Structures are given as structure tokens and as C-alpha cells.
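Worksheet: the structure to be examined is printed underneath.
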Amino acid sequence: MQTEKLKLPNVTLAAMTSVNLYETIKAIEYSMRGIEFGEVVLITHRKPLFLPKGIHYKHTSRLKDIDAFNYKMVYELAEHIDTDYVLLVHYDGFVVHPESWRDEFLAYDYIGSPWPLPTEEHDYRDAKGEICRVGNSVSIRSRKLLAFPKQAGLKWERLADGSYNEDVFLCCKYKNVIEDAGMRFAPIEVAKYFGHELMIPEVMDIEKPFLFHKWRGRNAQYPQFKNPWKVRWQKVKDVIRPLLFYRRFRKKT
């Protein structure tokens, strides 16, 4: 008996990347199981030849490194989203239990997986010094929040640890500014049903989160998609490497 699909017409399923395209597309497809989104988009620098039907290509310049990714996630993503919300996934983080969807996830402008309690003074804290317990780049964000950093002129600068992590930028550094503009971040009591990244005590009573990020702990059970061409090339390199080593060794002796 076929179960009716969950319909989320005001949510775009999206991924932004210039690497691991095969794996990312597979993660998008997996996230589409049992769910009808308003739109499904892959934001990248070149349209893949193997892009499946139902996934729309949207162009961005090549993401040369992780810093470029973080910047575009903060200041450019809104340009590619036409619905009220976006659900962001990665090749290593996507929807695994569509049956665990809760409508209350859309009551917030940002919901991601819970973070652990910080071990350093500057970690996971907002401008007031209060601990931030929910973030993660694999998340749902409202279009209002996507547009806010550029509209408000939020300054792009390194975080206290020297990084440019876009989720910490939004969920910690400028959390108070975003909240003062009328937006809401999900509390950990709701976020633990949404996603799991780290196996912290607060999530251990939830066996089936809506999505996951990273194959840590219980998350190791979820699919890891591998590009078959990469697998074949790795096998070739494994064969060639000992031969090259042997040739160098013979020349030295």
C-alpha cells in the first residue's frame, strides 16, 4: 500500500557545492523520498550532465574553497530561493526519516541539529555571552533570514576561532541582531527531533531524527553515496602506487 507523500510546497530542497557533485545529487534524491517540495535545486558552477529530472540547476561561480562556500551561504543563497523556506542538505547530511517531519519545524526561521555544550569560553556563544545550542549548516531557514545579512549589512569577518563558519556566524555571532529583527531560532527541545550531528545526551532518546549530518555514532547507519568513477580511479592508483615506489627504489639502488 503506497503512502501519500508529505507535501511541503513552501519549502525548497537545496544544496550548494562545487565538489562531490555525484554524491550531493544522490543525497538530494534520497531526501526527496516521500516528500514533494515546492522546488528542488542544485546550486553549482556548471550544470552536471547527469542531473536527474526534477532537480533544477542554478548557477553560481565556482566555490574555490570552504571560505567561499561560507560567504555565499550567508550573502547569496537568498537569490536562488523562491519559497518561504529552504531545506539545505549536503553530500554528508540529508533527510533520512521523512516520517519524522513535524510542522513545528517551520515555526522558526532557523532550525538545525543541536550543538554540544562548549568547552572553551568563546565557543557556541552569542554576543551577550549566552550559550547557543542549535545551529548546523544542514538546516531549514526562512527566506526572511536568508535575505537579512545583506539587507542589514552584517559585516563578514572571522569568528573568534579564526574560521568563517556560516552557521556559527548566523546562530551565534549575529543571533541577537537577527532575533531583534523579529526572527526565531529553534530551541534544542525541538531541534533534537529535527537533526543529529553529534551524539550528545540531549538527542539520545530520539531514534529517528528527520535528518542527520556526518556519519558519527548512530549516524553511521545512514547511506554513504560514492561516485563509482572515483572508486575505480582509486583502485587504479592503488595498483600504480607500489609500481612507482618500486621504480624509485630501483633507481636509488
Side-chain angles (χ1 to χ4, degrees), residues 2-63 69-70 72-113 136-147 166-167 170 186 194-197 208-214 222-228:
Q2 186 174 1
T3 304
E4 185 177 353
K5 280 192 171 186
L6 171 67
K7 293 179 172 57
L8 299 175
N10 58 341
V11 179
T12 294
L13 175 65
M16 180 188 288
T17 188
S18 286
V19 297
N20 298 317
L21 285 173
Y22 176 92
E23 296 88 341
T24 300
I25 289 171
K26 287 298 181 182
I28 291 173
E29 288 187 298
Y30 201 84
S31 298
M32 295 167 68
R33 298 173 313 124
I35 306 176
E36 289 184 11
F37 292 95
E39 189 175 15
V40 180
V41 300
L42 173 66
I43 307 162
T44 188
H45 62 283
R46 183 186 303 159
K47 185 176 181 179
L49 296 175
F50 51 85
L51 192 64
K53 183 178 180 181
I55 302 177
H56 302 140
Y57 161 71
K58 294 203 174 184
H59 180 76
T60 188
S61 57
R62 180 185 286 273
L63 299 165
F69 166 81
N70 283 306
K72 286 174 177 282
M73 287 283 280
V74 171
Y75 296 106
E76 183 187 300
L77 186 57
E79 301 171 13
H80 303 290
I81 307 302
D82 298 318
T83 54
D84 295 331
Y85 299 89
V86 61
L87 168 57
L88 290 163
V89 296
H90 302 329
Y91 81 96
D92 59 353
F94 44 89
V95 178
V96 285
H97 294 294
E99 71 276 13
S100 295
W101 171 262
R102 294 183 170 209
D103 289 338
E104 64 180 323
F105 295 158
L106 297 184
Y108 304 95
D109 294 278
Y110 199 119
I111 182 169
S113 298
N136 204 274
S137 57
V138 180
S139 57
I140 289 178
R141 310 176 192 193
S142 70
R143 198 174 188 287
K144 181 179 179 181
L145 186 142
L146 296 182
E166 54 90 19
D167 54 343
L170 295 170
F194 176 74
H196 293 175
E197 180 183 39
K208 294 183 177 182
F210 178 63
L211 54 75
F212 84 103
H213 188 204
K214 305 291 186 184
Y222 300 130
Q224 291 192 43
F225 304 111
K226 295 183 179 180
N227 187 331

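Quantities reported herein were computed from a predicted structural model and do not represent experimental measurements.
No more than 12 heavy atoms of other residues, nucleotides or ligands sit less than 6.0 Å from atom CZ of R46. Heavy atoms from other residues, nucleotides or ligands lying under 6.0 Å from NZ of K47 number 12 at most.
Atom CG of L21 sits about 12.5 Å away from atom OH of Y91, to the nearest 0.5 Å. Distance check: T60 OG1 to I43 CD1 gives 7.5 Å after rounding to the nearest 0.5 Å. Atom CD of E79 and atom NZ of K72 lie 8.5 Å apart (nearest 0.5 Å). In this structure, CD1 in I55 is found 11.0 Å from CZ in F37, a value given to the nearest 0.5 Å. The distance from atom CE of M16 to atom CG of N70, rounded to the nearest 0.5 Å, is 10.5 Å. Atom NZ of K226 sits about 6.0 Å away from atom CD of Q224, to the nearest 0.5 Å.
Within the 4.5 Å cutoff, the side chain of P98 has heavy atoms near those of the I35 side chain. Side-chain atoms of N227 and E23, non-hydrogen and from C-beta on, do get closer than 4.5 Å to each other. Between T44 and Y57, the closest side-chain pair of non-hydrogen atoms falls below 4.5 Å. Residues L170 and Y110 have side chains in contact (heavy-atom distance under 4.5 Å, counting atoms from C-beta outward). No side-chain heavy atom of T12 sits under 4.5 Å from any side-chain heavy atom of D82. V138 is not listed as a side-chain neighbour of F94, based on a closest heavy-atom distance of 4.5 Å or more. In this structure, the side chains of W101 and D103 come closer than 4.5 Å at one or more pairs of heavy atoms.
Qualifying side-chain contact (heavy atoms from CB on, under 4.5 Å) partners for N10, counting only residues two or more places apart in sequence or in other chains: D84, Y85, L106. The side-chain hydrogen bond (donor to acceptor under 3.5 Å, both in side chains) search around E166 returns R141, not counting sequence neighbours. A search for side-chain contact (heavy atoms from CB on, under 4.5 Å) contacts involving H97 returns E99, S100, K208, P209, Y222, not counting sequence neighbours. S137 is linked by a side-chain hydrogen bond (donor to acceptor under 3.5 Å, both in side chains) to H90, counting only residues two or more places apart in sequence or in another chain. Take N20 and apply the side-chain hydrogen bond (donor to acceptor under 3.5 Å, both in side chains) test, not counting sequence neighbours, and it matches K230. With sequence neighbours excluded, no residue forms a ring pair (Phe, Tyr, Trp, His ring centres under 6.0 Å) with Y22.
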For E29 and K26, what are the C-alpha separation, side-chain angles and deciding distance, and is it a salt bridge (Lys or Arg N to Asp or Glu O under 4.0 Å)? CA-CA 5 Å; E29 288 187 298; K26 287 298 181 182; 3.7 Å; yes

Go through L87 and L8 one step at a time and tell me if the side-chain contact (heavy atoms from CB on, under 4.5 Å) criterion holds. CA-CA 10 Å; L87 168 57; L8 299 175; 6.0 Å; no

Residue pair I25, L51: steps toward the side-chain contact (heavy atoms from CB on, under 4.5 Å) verdict: CA-CA 7 Å; I25 289 171; L51 192 64; 3.9 Å; yes

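A side chain to side chain contact (heavy atoms under 4.5 Å, CB included) with S142 is found for one member of I111, D109, V86 and no other, namely D109.
F105 and F194 have perpendicular rings, their planes meeting at more than 60° on a 0 to 90° scale where under 30° would count as parallel.
S18 contributes a side-chain N or O that, together with a main-chain N or O of L63, makes up a donor-acceptor pair within less than 3.5 Å.
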